[in-house]
Every structure is written in structure tokens, then in C-alpha cells.
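Below is one structure; the comments refer to it alone.
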2 protein chains.
Amino acid sequence: MAQPPIICTVDVVLLCLKDAALHVALLRRDHAPFAGALALPDGYVDPEQDRDAQDAAVRILREKAAIVSPYLEQLGTFSGKGRDPRGWSISVAYYALVPAHIMDLARHPALQLLTVDHLKGQPFDHREIIQAAVERVRSKSTYSSLPVYLCGERFTLPQLQGVYEALLGEPVNKVSFRRKMDELDILEPIPGAMETGRANRPAQLYRLKKKYRNQLSLTGRGLNPDPLK
Amino acid sequence: MAQPPIICTVDVVLLCLKDAALHVALLRRDHAPFAGALALPDGYVDPEQDRDAQDAAVRILREKAAIVSPYLEQLGTFSGKGRDPRGWSISVAYYALVPAHIMDLARHPALQLLTVDHLKGQPFDHREIIQAAVERVRSKSTYSSLPVYLCGERFTLPQLQGVYEALLGEPVNKVSFRRKMDELDILEPIPGAMETGRANRPAQLYRLKKKYRNQLSLTGRGLNPDPLK
DNA sequence: ATAATAGTGTCTATAAGACAATATAAG
DNA sequence: CTTATATTGTCTTATAGACACTATTAT
């Protein structure tokens with residue numbers, strides 16, 4: 001019995017924080033369907049070179065956006081007849097979190113950053129996929145350390161708190177926040193490194209503890225409800 | 001450019017509680033590969049009759065186990081070269097929760113219930129898939145009302161508490177449990193219905209409030225971190 | 001009456017948040 | 001010194017758990 005023709009692709013929702021708002025990186029499509037539209041970086045699964053779908057996501061991110069993300073997690077699979085004009089399709093969606101400054105728009109002029117709110121005009125069901133990724137990130141931000149991946153390598157606690165506040169859309173208690181970070185036990189102060197330059201007491205710079213850096217291989221299928229901790 | 005030959009299937013992890021332990025329903029395979037082995041109910045996605053992968057899961061559950069589950073959620077997608085001897089495959093996994101008594105083993109002699117702990121000998125990566133489903137259920141049980149789907153239509157609070165305790169593997173505080181159930185506001189007492197017959201004060205029977213029954217259509221892609229509330 | 005478990009009241013412990021005091025930089 | 005923000009201490013409030021008391025049934 002022949003296998004019916006099903007289109008197998010991978011979509012990547014690449015998220016970063018810019019101007020205190022979550023942004024998604026979209027790519028102007030250069031071929032049909034929806035040539036010219038702004039869409040998620042995507043691609044066919046290639047059984048030759050991809051060991052699994054996550055591998056394909058890593059490759060697509062590298063090829064289409066020149067980015068290797070320290071955090072990449074399976075979001076879910078979107079499938080059905082209606083979502084792709086070419087026919088019945090199945091797309092495994094991943095989401096990646098990166099600090100804004102590594103998004104090298106110069107090297108990829110087709111790449112654009114859009115606020116995740118008020119999206120419209122995305123082809124396929126990409127808007128729905130983005131919304132799902134955003135919900136997932138916001139939901140996880142309430143109980144996990146996920147947002148650290150939106151910061152750079154070094155950051156102060158007030159900066160990190162700002163990231164949480166931007167994601168959650170509400171202020172967070174400073175004392176509780178610091179207690180929580182302390183309990184999570186995933187950050188370490190960088191000895192001697194302080195954020196200085198402004199007219200106030202300098203803030204201690206922190207970084208992720210070594211064992212939590214480059215989690216890539218550990219966050220396989222999104223079956224990891226608490227990314228760290 | 002031709003689409004590479006990728007095997008697209010759906011697996012369903014059908015779970016119930018028996019003797020205070022989580023059990024998974026496995027099916028003896030009647031064809032290759034792994035004919036004769038106990039495996040998850042699975043099947044090819046059929047673009048002709050399935051609107052999407054979840055639709056396929058519902059169909060497979062109906063055809064292979066004669067069950068329509070009130071709770072079915074996408075677990076994740078498992079893919080790669082090594083998991084199926086026939087070649088590079090992609091399998092969208094779902095999990096379903098049902099009360100033990102609706103598992104009609106008589107009508108499906110090939111169906112078997114196994115404790116989820118100490119599994120071994122499952123073909124493909126089915127053991128891994130089952131473990132992922134079990135982790136998800138246990139994790140969600142700590143903060144959601146998911147376990148109600150393992151009960152029948154009517155149940156007492158002590159019974160429901162027992163389900164939570166079986167899942168979590170530890171006793172839960174009675175007062176806190178009842179407070180939580182009260183807050184969740186998803187149960188209603190069945191007027192006049194009491195569990196009687198034993199030598200003690202009879203317990204009030206409860207049921208899910210109407211709007212939470214038959215959630216099937218709402219739990220699409222597992223993107224619903226809190227199944228209820 | 002007794003035993004058994006359901007259901008509830010209340011006290012205690014733990015966690016979260018509010019508020020305020022102190023620290024340290026630039027100008 | 002003044003201003004601004006980091007960092008820390010402490011009090012208050014909210015939430016979770018422990019314990020015990022009352023309720024209701026079968027025997």
C-alpha cells in the first residue's frame with residue numbers, strides 16, 4: 001500500500017525581545033506558495049541530512065537566519081488539509097529564544113522583526129503558530145527560568161527582571177524575584193564584573209551557570225515542562 | 001523537486017487507572033514490523049478521511065480500541081531515521097485519559113493493560129513515548145484538574161483525591177485538596193446522589209460541570225497548558 | 001454503642017508581596 | 001551634597017499543610 005503524499009515541513013518561531021516587547025523574526029518568501037509574504041523560517045524535512053525533526057529545525061535556523069540558538073524546543077505539530085494550498089501537510093513547529101543583538105539582520109536582509117501582537121497577513125497558519133509559541137513562552141515565564149535565554153551572556157538582575165516584566169506585561173515584586181532566582185540556583189555572579197557608568201550604585205553582572213549553557217541537546221521534544229530547575 | 005518518502009503515523013497513549021496504578025493500553029501487532037509485539041495503537045495518517053492529525057488519532061482510537069475518549073491531547077512528535085525499520089518516520093503522539101471501566105477488553109482481545117512502570121519490550125520508541133505521556137500527566141496533575149478524566153462520570157471527592165495520590169505517588173492534604181477543587185470551580189454536587197452502602201458517613205457524588213464535559217474539540221495541539229482553568 | 005470514613009474548623013508553617021532602610025555610583 | 005538605582009532587611013498578607021473535631025452511616 002503506497003504512502004499517501006503528505007508534505008512534511010518544519011517551522012521555527014524565532015523570538016527575541018526588542019524595546020521591551022516580544023518580536024518574531026519573519027522571512028520574506030522567495031518562492032511559491034505565498035512568494036513575497038512574510039512567513040516563519042521553514043523548510044522540508046530532509047531524511048538525508050536531518051537525523052530528526054529537531055535537527056532539521058537547527059539546520060533551517062542556520063541556513064535561513066544564520067542563527068544557532070541556545071534554546072530550541074518543540075512547540076507542537078500543525079497538520080491538516082487546509083493549511084497549505086499544496087495539499088495535506090504536517091509541520092512540526094519549534095520555537096527559539098535569542099538575545100536581540102545576535103539577530104544579524106544585516107546579513108539577512110529578507111529577515112524582519114515584528115511585534116508579536118497585532119500580527120496579520122502571515123501565510124499558512126503561521127499566525128496561529130506564533131500565537132501558540134508566545135503563549136507557551138509567557139506561560140513558562142510564570143514558573144521557570146526560560147526568559148534568561150532572551151538576555152545576552154551577561155546581564156544584571158534588574159535587567160532580567162525587566163525581561164520578565166516585559167513578557168508578563170506586569171510588574172514583578174523585586175524581593176520575590178530575587179528570592180526565586182536565588183532558589184533556582186542557575187545564575188552565578190561574574191566575579192568583579194559590574195554594570196557601571198550610570199549615576200547610581202553599580203549592578204552585579206550575572207551569567208548562567210555552566211551546566212545550563214547551551215541546553216540545545218536537552219530540550220528535545222518540548223516534553224520538558226521546566227526547562228531549568 | 002520530489003518530496004522524500006517520509007512515513008507519517010499517529011500513536012495514541014491510552015491511559016487509565018487500575019488498582020491505584022497508571023496503566024497503558026497496548027495492542028498486539030498483527031503485521032510487520034514487529035508483528036506479535038505489544039505496541040501503542042497507531043496508524044497512518046489518511047489524508048482522505050482525516051481532517052488533521054488529531055482527527056486521525058480519534059479514528060485510530062475508535063477503530064483499534066473501540067474507544068471515544070473525553071480527553072485527547074497532543075503530546076509531541078517523535079521523528080527520525082532510527083525509530084522505524086522501514087525508514088525515516090514522523091509520528092505525532094497523542095495521549096488519552098479514560099476511566100478504567102470503559103476499556104472494553106472483551107471486545108478487543110488484542111488489547112492489554114500494562115503498568116506504566118517497568119515497561120519493556122515495546123517496539124519502535126514506544127516506551128519513550130509512553131514515558132513522556134506519563135510525565136506529562138503527572139506534571140499536569142500537580143496544578144490542574146486533568147485527573148478527573150480518569151474518573152467515571154460520577155465520583156466522590158475522596159475517590160478523586162485517591163486518583164491524585166495514585167498519580168503523584170504521595171498523599172495529598174485533604175483540606176488543601178478540597179479547597180483547590182472548590183477554587184477550580186469545575187465540579188458540581190449531583191443533587192441527592194450519595195455514595196452509600198459502607199459503614200460510614202456517605203460521600204457526596206460529584207460530576208464535571210457541563211461546560212467541561214467532552215473537551216475533545218478544545219484540546220487541539222497540546223498547546224493548552226492548563227486543561228481546565 | 002462502636003467503628004469507619006466524610007466533611008469542616010482552626011491553628012501553624014511556608015511562601016509571596018509591601019515597604020523601607022542602606023549602599024554606591026555620577027555629577 | 002543630591003539624585004538615582006542596586007541591594008538587603010523586615011513586616012504583612014496569602015497560601016498550604018497539620019491536626020482535630022463533628023457528622024452520618026452499618027453493624
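We name chains A, B, ... by the order of the sequence lines, and we start the count at 1 in each one.
- If you check residues 164-176 of chain B against DNA chain C, the residues with a heavy atom closer than 4.0 Å are B:Lys174, B:Val175, listed by number.
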Show me the protein contacts with nucleotides 22-25 of chain C, counting only N or O atoms at under 3.5 Å.
unit_1, atom_1, unit_2, atom_2, d
C:dA23, O4', A:Arg201, NH1, 3.1
C:dT24, O2, A:Arg201, N, 2.8
C:dA25, O4', A:Asn200, O, 3.4
C:dA25, N3, A:Ala199, O, 3.4
C:dA25, N3, A:Asn200, N, 3.3

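- Atom CZ of B:Phe177 and atom P of C:dA6 are 12 Å apart (whole Å).
- Comparing D:dT7, C:dG7, C:dG17 by their nearest atom to the side chain of B:Ala203 picks out C:dG7.
- Interatomic distance, B:Leu114 CG to B:Leu119 CG, rounded to the nearest 0.5 Å: 6.0 Å.
- Panel note: side chain A:Arg62, backbone A:Val68; no donor-acceptor pair is recorded below 3.5 Å.
- Atom CD in B:Gln159 sits roughly 10 Å away from atom P in C:dG7 (whole-Å rounding).
- Put simply, the residue from B:Leu75, B:Leu22, B:Leu40 that forms a side chain to side chain contact (heavy atoms under 4.5 Å, CB included) with B:Ile130 is B:Leu40.
- For A:Arg178 and D:dT7, the shortest distance from a side-chain N or O to OP1 or OP2 is below 4.0 Å.
- Atom P of nucleotide D:dA6 and atom CZ of A:Phe155 are separated by 15 Å, given to the nearest angstrom.
- In terms of the side chain to side chain donor-acceptor pair (under 3.5 Å) criterion, B:Gln204 has no residue partners (sequence neighbours excluded).
- Residue-level contact check: A:Glu195 touches neither bases nor backbone, having no heavy atom under 4.0 Å from any strand.
- The separation between A:Tyr143 atom OH and C:dA15 atom P is 20 Å, rounded to whole Å.
- In this structure a side-chain-to-backbone donor-acceptor pair under 3.5 Å is missing from B:Asp50 to B:Ala53.
- Counting to the nearest Å, the C1' atom of C:dG17 and the CE atom of A:Met181 are 16 Å from each other.
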Let me check something: any side-chain donor-acceptor pairs from residues 169-181 of chain A under 3.5 Å, sequence neighbours excluded? List them with distances.
unit_1, atom_1, unit_2, atom_2, d
A:Asn173, OD1, A:Val175, N, 3.0
A:Asn173, OD1, A:Ser176, N, 2.9
A:Asn173, OD1, A:Ser176, OG, 3.2

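- Per the geometry, CG belonging to A:Asp182 stands 15 Å off C1' belonging to C:dA16, to the nearest Å.
- Between the CZ atom of B:Arg179 and the P atom of C:dA6 there is a distance of 18 Å, given to the nearest Å.
- Residues passing the salt bridge (charged side-chain N to carboxylate O under 4.0 Å, His left out) test with B:Arg127: none are found, sequence neighbours excluded.
- The residue among A:Lys180 and B:Tyr206 whose nearest nucleotide of DNA chain C is located toward the 5' end is B:Tyr206.
- Under a 4.0 Å N-O distance rule, the pair A:Asp11/A:Arg83 qualifies as a salt bridge.
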Side-chain donor-acceptor distances from residues 193-203 of chain A under 3.5 Å, at least two apart:
unit_1, atom_1, unit_2, atom_2, d
A:Glu195, OE2, A:Gln159, NE2, 3.1

